[in-house]
Peer 1: 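I'd like to ask you about the structure that follows.
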Amino acid sequence: MSGETPKKLRDTFKKKLEAAKNLEALEEVRLDFLGKKGNITANLKLLSTYPIDVRKELGAELNKLRMAIIDDLTKKKEGLEKEVLLEKIAGEFEDLTLPTLREDKGCVHPITQVKSELANIFSKMNFTVEEGPEIETDFNNFTALNIHDSHPARQSHDTFYINERDENSLPFLLRTHMSTVQIRTMKRDKKPMRMISMGRCYRSDYDSTHTPMFHQIEGLVIGPNITMGNLKWCLQNFLSIFFEVEKVSMRLRPSYFPFTEPSAEVDIGCKRTKENLMIDDYDEWLEILGCGMVHPNVLRSCDIDPEEFQGFAFGCGIDRLAMLKYGIPDLRTFFETDKRWLEHYGFKSLDVPGFMLGEKA
Amino acid sequence: MKITLSWLRDHLDTMVEPKEIARMLVNLGHEVEDLLDTRENFKALKIAEIVAIERHPNADKLQICEVDFGEKYTAKVVCGAPNARQGLLTVYACEGAYIPSFGEKLKKAKIRGVESSGMLCSAKELGIGENHTGIIDLDVSFKKKVGEPLTIALGLGDVIFDIGLTPNRADCFSVFGLARDLSCTSVGTLKALKQHKLKGSFFSPIQVTIDKNALQACPHFTGRLIRGVKNGPSPQWLKDKLKSVGLKSISALVDVTNYFCHDQARPLHVFDADKLQGNLNLRLSKKGESFDALDDKTYMLDEGMLVIDDEKGIISLAGVMGGLASGCSEATTNVFLESAYFDPITVAKTGQKLNIISDARTRFERGIDPQSTFPALDASAQMILDLCGGEISEVVTVGASPYQLSTIEFDSKEVKKIIGYDVEADKCKKILQKLGCYVEDTEEGKFIVTPPSWRHDMSIKEDLVEEIIRIIGYGSIPLQAMPSEDAFPHILDKNIIIERTKRLLAARGLMETIVYSFISKNLAELFSTGGIEVKNPISENMKYMRDSLIPGLVEAIQRNLSRNVKNLRFFEVGARFNKNLTDYQEMTLGAVYCGSTARQHWSKSEKLLDLQKVKSDIEAILEEYGLIQGKYQIIQNTDKLPTYMHPGKSALICQGPKRVLGYFGKIHPGVLNSLGIKESVSCFELYLDRLPVPKSRAKNTLKVSSFQSVERDFAFIVNESVLVENLQTLLIKAGKNLVQWVDVFDVYQGKGIEKGKKSVALRVRLQAYDCTLNEDDIKTYNDTALKLLEEKTGAILR
């Protein structure tokens, strides 16, 4: 075993390396040559028995050989390992058509979405968003709005009442429109303002376009020189941005509300197909909101001098806006909490109006 | 209200197309809800003559008529009418003509083997009469008109405008009123009403008085007795006229009153004088009186309704409906005609209380022209004389017209101030004059305006501005940008947080819903929530204003489950109502959970919507409001929880012992059983108005330690009732500021653990900011912690 020449050792190694077909055999080869009792190790141990000049030369040769063997072994090992890995993953497979876990997605209600859109549009026109309670006094809902006791408009409102009575010993009622918030805000501020109010209103009515609870937006602008031309401009802006068209076709026609004078009903031009409502082109008029110049009696009941200030007001169904913009056919379904309806008509959490994705409301 | 083009033309000289008239009506504020042109139907129907006739070869009762209808050729028509004969002038419908009684167009037909092109029509087939025994038989004067369409020859067909009127325009509840409004535009000119000045030939034996306290309700009453009339069916033109606007012809006398009501917004009434006993008196009713009205119903009257009495009792509910007993019939020979002014408020209140809707009420309650009482009395009396003959008495009159001249000072500059653009003073003046106002110049551009008696809705300068711009057209109002500097926008911080909260929950998988603020009595009782009772609910299902959002949301779960829709997570932000709250309401966030986060998945990675899930949603919301853990407490076993919650599996969320922010937990299984819900339902409510609105969004400086941290695990055996939160708190307390966090990584009950006990495993991370902790430090912490936990909770190290 001892005394083999490095050349012979190399040849033997080459043969054995060649013969090693797997990692185990390769390990044996390594032990044969580099192990404690391996060939190279043994030969290196024998060096001390040789004369110094032989020792030096042979030592250098053996060491060179040893390095070459390590190198060869490493290369072969990497090759075999790669083969093993390839063999292993050749049998591996994952079915990527398996369905992922689709957790139910949440959403916000179309009313919330439209309310955010409206708040966004009007805050850009410098309007504040004001609030008020849903249970109201007769004064705030009717009297202050120039709707007197026997006024015909009063009966058409189909008001809900509760048993509790206010300071005028009149029963409290469920507000029939958002104008109550205008009254509250005017009484509080008594100065120029721009405001909208949005919220739930109640009237005793039930069919595909009326529910006993519904949502309204009302707007009010008070100032020394606010005109009906300003009103028209404001509505034109609001409706165009809301319906995402460059310029909505709009028609004002005379109407009557006790709380405005002059009063107008506003129609927008639209085109209806079986499925859709289009606003950018039109062949018919669609009634969309009521508006007018605030009646001096309304200003007076809020302690604002009509000789000093005047203004306009408008009101519109939020549910109706949502139905028109998003093609929802039946108002009653808004309040049914049908999961399938909410999945279909609801809005994604990140679909925030006016936020990040440009100026579209 | 319906009006027809032909009726409109009685009062308005116009040749303008109906569509343009409709457009002008809309511009004037009279919404045209429907426009129906029936003239088209009659255009293909022509006057024709049967020029030859022969027997049908295959049928005894049929004949073949050769018909001249004004063309160069004749038509062969198979006809079964017994009156078909040579030389008969009748109506021919050619193929494709619309036959009103068929409701469709005429098709070519073969009758018993003989081709018939077109048909000859009966009056009934054309919808212009009842006769169906034979075809129309026209008199010889029509010989010249053979070939003329019926629209021209007989004036058949009309245009019907269905108009939605605004309640302020009492004067427009009539054909004449609308004609008068239209005449202010370029559509046409108004034909003046004919004035009648009748002289009675005898003194009316029926006299009228008004109680002093009823003078407000009836300031003016006039009447005439007409003797020796011959009532019967109205002439055809009157029948047609009433029918064209949807009114039923009753008899000549009644039709006259209906005609004036519709034509001039002037309700009248006719009493059969022979059925009256003695004189008439107008008074206010007493509570509990009963009245048999013309609609065959008996009404129980309230106090203060205006009634007309004869000596036997009530004969009319003035301005609302006449009485059954004194109504006119075909046999009426003596009639008492009433033309009066009744107070709008009195009529409205009576109509509302008794729920009677009548054409008279509609007009009186909006306010008729107070000056029309006398003219209408005579015009209608004349019409009765014309149709029924008879002899009229002198006028019976009590009270006087309540009309008071009122004036409005008007500066034409007001138009610009309100509308935003200038209208010349002269133009303003002309428009007001056209509307019937008396306009007196005072100084440059200023007037004193006296509105006409029929326009009680004009009382302030703003009304006049509206009138001027209404006639010019709202379309001319310019767009004017609003001044941009006079307000600062703000959306309340609390509303921004609510919006964020909604979207946060949506991102976490909850669906926002909106349910009615009302709940049913059943639900209110089942959940034992008070709420506020609605006095006049639309149905028993909407009897209470909810005190909590949960009942409505649980009901929504029930509805979805019944449709086999599962895995439900709903939330709502809305008011809850309670008499003890400011303004009776409080903004509340409610949510309900049932099922799992997804349908069953092969990986088993869907998660149950358990209280852990609920609590983590709550924590996320509270964090939005700046309430991190430790700034609020979870309090269990308290009687402050709603009774519909599971007593052991629910908790209050509080800030200190008194300030309740909300609660969460499982719904009581008993409640769910009653609703037929078999699955477990969890919920929470947060009272948003009570949550703080974080003010500053600035952040504290981040503090991290550069020294090594140490983790230690503990497993304790404690009584089941010991709250894990207590163990956590004590472990933190034991380390003063050393403890960075305490995690609970196992809670176990069962094999190897004594009954009534549980094993809780916790991991504590210790971290100092000024040094690396050594073994002594850690041992000190261990000893302190174990001692503290044992002392306070009886925890034994496992």
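Letters go in sequence order (proteins before strands), and every chain restarts at 1. Since the structure is predicted, the reported quantities are computational estimates derived from the model, not experimental observations.
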Peer 1: So, do A:Pro262 and B:Ile418 sit near enough that their side-chain heavy atoms are less than 4.5 Å apart?
Peer 2: yes

Peer 1: Is a side-chain N or O of A:Asn163 found less than 3.5 angstrom from the main chain of B:Ile532, in a donor-acceptor match?
Peer 2: no

Peer 1: Which atoms of A:Leu235 come close to chain B, meaning under 4.5 Å heavy atom to heavy atom: side chain ones, backbone ones, both, or neither?
Peer 2: neither

Peer 1: If you count the non-hydrogen atoms of other residues, nucleotides and ligands that lie under 6.0 Å from CZ in B:Arg599, is the total more than 12?
Peer 2: no

Peer 1: Using side-chain heavy atoms (C-beta onward) and a distance below 4.5 Å, is A:Phe160 in contact with B:Met545?
Peer 2: no

Peer 1: Among the options A:Leu98, A:Leu252, A:Leu231, A:Asn225, pick out the one with the most heavy-atom pairs lying under 4.5 Å from chain B.
Peer 2: A:Leu98

Peer 1: Please say whether more than 12 non-hydrogen atoms of neighbouring residues, nucleotides or ligands are located less than 6.0 Å from NZ in B:Lys543.
Peer 2: yes

Peer 1: Hey, which of B:Pro478, B:Ala506, B:Gly29, B:Ala556 has the most heavy atom pairs under 4.5 Å with chain A?
Peer 2: B:Ala506

Peer 1: With rounding to the nearest 0.5 Å, note down the distance linking CG in B:Leu479 to NZ in A:Lys232.
Peer 2: 6.0 Å

Peer 1: Below 4.5 Å from any heavy atom of chain B, which atoms of A:Gln310 appear? Answer side chain, backbone, both or neither.
Peer 2: side chain

Peer 1: Are B:Tyr421 and A:Thr227 close enough, and set up right, to give a side chain to side chain donor-acceptor pair (under 3.5 Å), and what steps lead you there?
Peer 2: CA-CA 9 Å; B:Tyr421 87 102; A:Thr227 67; over 6 Å; no

Peer 1: Which atoms of A:Glu287 come close to chain B, meaning under 4.5 Å heavy atom to heavy atom: side chain ones, backbone ones, both, or neither?
Peer 2: side chain

Peer 1: Go through the steps for B:Arg569 and A:Glu343 under the test salt bridge (charged side-chain N to carboxylate O under 4.0 Å, His left out), then give the verdict.
Peer 2: CA-CA 12 Å; B:Arg569 271 181 282 176; A:Glu343 264 168 357; over 6 Å; no

Peer 1: Quick test of your reading of the model: are A:Arg200 and B:Glu572 salt-bridged, counting only N-O distances below 4.0 Å?
Peer 2: yes

Peer 1: If you count the non-hydrogen atoms of other residues, nucleotides and ligands that lie under 6.0 Å from CZ in A:Arg102, is the total more than 12?
Peer 2: no

Peer 1: Let me know if B:Pro537 has heavy atoms under 4.5 Å from chain A in its side chain, its backbone, both or neither.
Peer 2: backbone

Peer 1: Counting heavy-atom pairs under 4.5 Å to chain A, which of B:Glu555, B:Lys349, B:Arg470, B:Arg559 comes out on top?
Peer 2: B:Arg559

Peer 1: Side chains of B:Glu533 and A:Ile162: does their closest heavy-atom pair fall under 4.5 Å?
Peer 2: no

Peer 1: Stepwise, does the side chain to side chain contact (heavy atoms under 4.5 Å, CB included) test hold for A:Lys339 with B:Phe570?
Peer 2: CA-CA 9 Å; A:Lys339 184 184 174 189; B:Phe570 299 129; 4.1 Å; yes

Peer 1: Below 4.5 Å from any heavy atom of chain A, which atoms of B:Lys604 appear? Answer side chain, backbone, both or neither.
Peer 2: neither

Peer 1: I'd like to know if the side chain of B:Glu466 reaches the main chain of A:Ser263, judged simply by a donor and an acceptor atom lying under 3.5 Å from each other, with no hydrogens or angles considered.
Peer 2: yes

Peer 1: Report which part of B:Ile419 has an atom under 4.5 Å of a heavy atom belonging to chain A: side chain, backbone, both, or neither.
Peer 2: both

Peer 1: Got a second to check how far B:Lys535's NZ is from A:Glu164's CD, nearest 0.5 Å?
Peer 2: 9.5 Å

Peer 1: Let me confirm one number: the CG-CD1 distance from A:Asn297 to B:Ile460, rounded to the nearest 0.5 Å.
Peer 2: 6.0 Å

Peer 1: Using only atom types and a distance under 3.5 Å, with no angle test, would you say the side chain of A:Asn230 pairs donor to acceptor with the backbone of B:Gln480?
Peer 2: yes

Peer 1: If you define the side chain from C-beta out and look only at heavy atoms, does anything of B:Glu512 sit under 4.5 Å from A:Leu342?
Peer 2: no

Peer 1: Tell me, with the steps shown, if A:Glu261 and B:Val465 meet side chain to side chain contact (heavy atoms under 4.5 Å, CB included).
Peer 2: CA-CA 9 Å; A:Glu261 186 73 36; B:Val465 172; over 6 Å; no

Peer 1: With chain B as the partner, which of A:Phe335, A:Trp341, A:Phe312 has the greatest number of non-hydrogen pairs under 4.5 Å?
Peer 2: A:Phe335

Peer 1: Can you confirm whether B:Gln600 is buried at CD, in the sense that more than 12 heavy atoms of other residues, nucleotides or ligands lie under 6.0 Å from that atom?
Peer 2: no

Peer 1: In terms of heavy-atom pairs under 4.5 Å with chain A, which of B:Tyr474, B:Trp602, B:Phe577, B:Phe571 leads?
Peer 2: B:Tyr474

Peer 1: Can you tell me how far CZ of B:Arg508 sits from CG of A:Asp104, rounded to the nearest 0.5 angstrom?
Peer 2: 15.0 Å

Peer 1: What's the spacing between B:Arg169 CZ and A:Tyr256 OH if we round to 0.5 Å?
Peer 2: 12.0 Å

Peer 1: Is a side-chain donor-acceptor pair under 3.5 Å present for A:Tyr202 with B:Ser517?
Peer 2: yes

Peer 1: Can you say whether B:Glu467 sits under 4.5 Å from chain A via the side chain, the backbone, both, or neither, judging by heavy atoms?
Peer 2: neither

Peer 1: Quick check on the interface: out of B:Ile514, B:Thr597, B:Asp583, who has the most heavy-atom pairs with chain A under 4.5 Å?
Peer 2: B:Ile514

Peer 1: Distance check, rounded to the nearest 0.5 Å: A:Met293 atom CE versus B:Lys417 atom NZ?
Peer 2: 8.0 Å

Peer 1: Between the side chains of B:Lys494 and A:Glu131, is the shortest nitrogen-to-carboxylate-oxygen separation below 4.0 Å, so that they form an ion pair?
Peer 2: yes

Peer 1: Between A:Tyr206, A:Phe172, A:Phe334, which shows the greatest number of heavy-atom pairs under 4.5 Å with chain B?
Peer 2: A:Phe172

Peer 1: Check whether B:Glu499 gets within reach of chain A through its side chain, its backbone, both or neither, counting any heavy atom under 4.5 Å.
Peer 2: side chain

Peer 1: What option among B:Asp457, B:Asn27, B:Asp463 has the most heavy-atom pairs under 4.5 Å with chain A?
Peer 2: B:Asp463

Peer 1: With a 4.5 Å cut-off on heavy-atom pairs, point out which of A:Gln113, A:Lys348, A:Glu136, A:Met250 contacts chain B the most.
Peer 2: A:Gln113

Peer 1: Does any part of the side chain of B:Arg503, heavy atoms only, come nearer than 4.5 Å to the side chain of A:Leu350, both counted from C-beta?
Peer 2: no

Peer 1: Contact part of B:Val515 toward chain A, heavy-atom cut-off under 4.5 Å: side chain, backbone, both or neither?
Peer 2: both

Peer 1: Can you tell if the side chain of A:Arg194 reaches within under 4.5 Å of the side chain of B:Met482, non-hydrogen atoms only?
Peer 2: yes

Peer 1: Might you point out which heavy atoms bring A:Leu101 and B:His601 nearest each other, and give the distance in Å?
Peer 2: N-NE2, 3.2 Å

Peer 1: Are B:Met511 and A:Lys105 close enough that some pair of their side-chain heavy atoms sits under 4.5 Å apart?
Peer 2: no

Peer 1: Check whether B:Tyr516 gets within reach of chain A through its side chain, its backbone, both or neither, counting any heavy atom under 4.5 Å.
Peer 2: both

Peer 1: If I measure from the heavy atoms of chain A, does B:Glu606 come under 4.5 Å with its side chain, its backbone, both, or neither?
Peer 2: both

Peer 1: Less than 4.5 Å apart, any side-chain heavy atom of A:Glu134 and any of B:Tyr584?
Peer 2: no

Peer 1: Under a 4.5 Å cutoff for heavy-atom pairs, which residue among A:Ser255, A:Pro212, A:Pro110 has the most contacts with chain B?
Peer 2: A:Pro212

Peer 1: Measuring heavy-atom distances to chain A, does B:Lys579 have an atom under 4.5 Å in its side chain, in its backbone, in both, or in neither?
Peer 2: side chain

Peer 1: Return the option, out of A:Gly199, A:Gly346, A:Pro296, with the maximum number of heavy-atom pairs under 4.5 Å with chain B.
Peer 2: A:Pro296

Peer 1: Using heavy-atom distances under 4.5 Å, tell me whether A:Asp205 contacts chain B through its side chain, its backbone, both, or neither.
Peer 2: backbone

Peer 1: Backbone N or O of A:Tyr161 within a donor-acceptor pair of the B:Asn536 side chain at under 3.5 Å?
Peer 2: yes

Peer 1: I'd like to verify something: which residue of B:Leu568, B:Ile538, B:Thr166 has the highest number of heavy-atom pairs under 4.5 Å with chain A?
Peer 2: B:Ile538

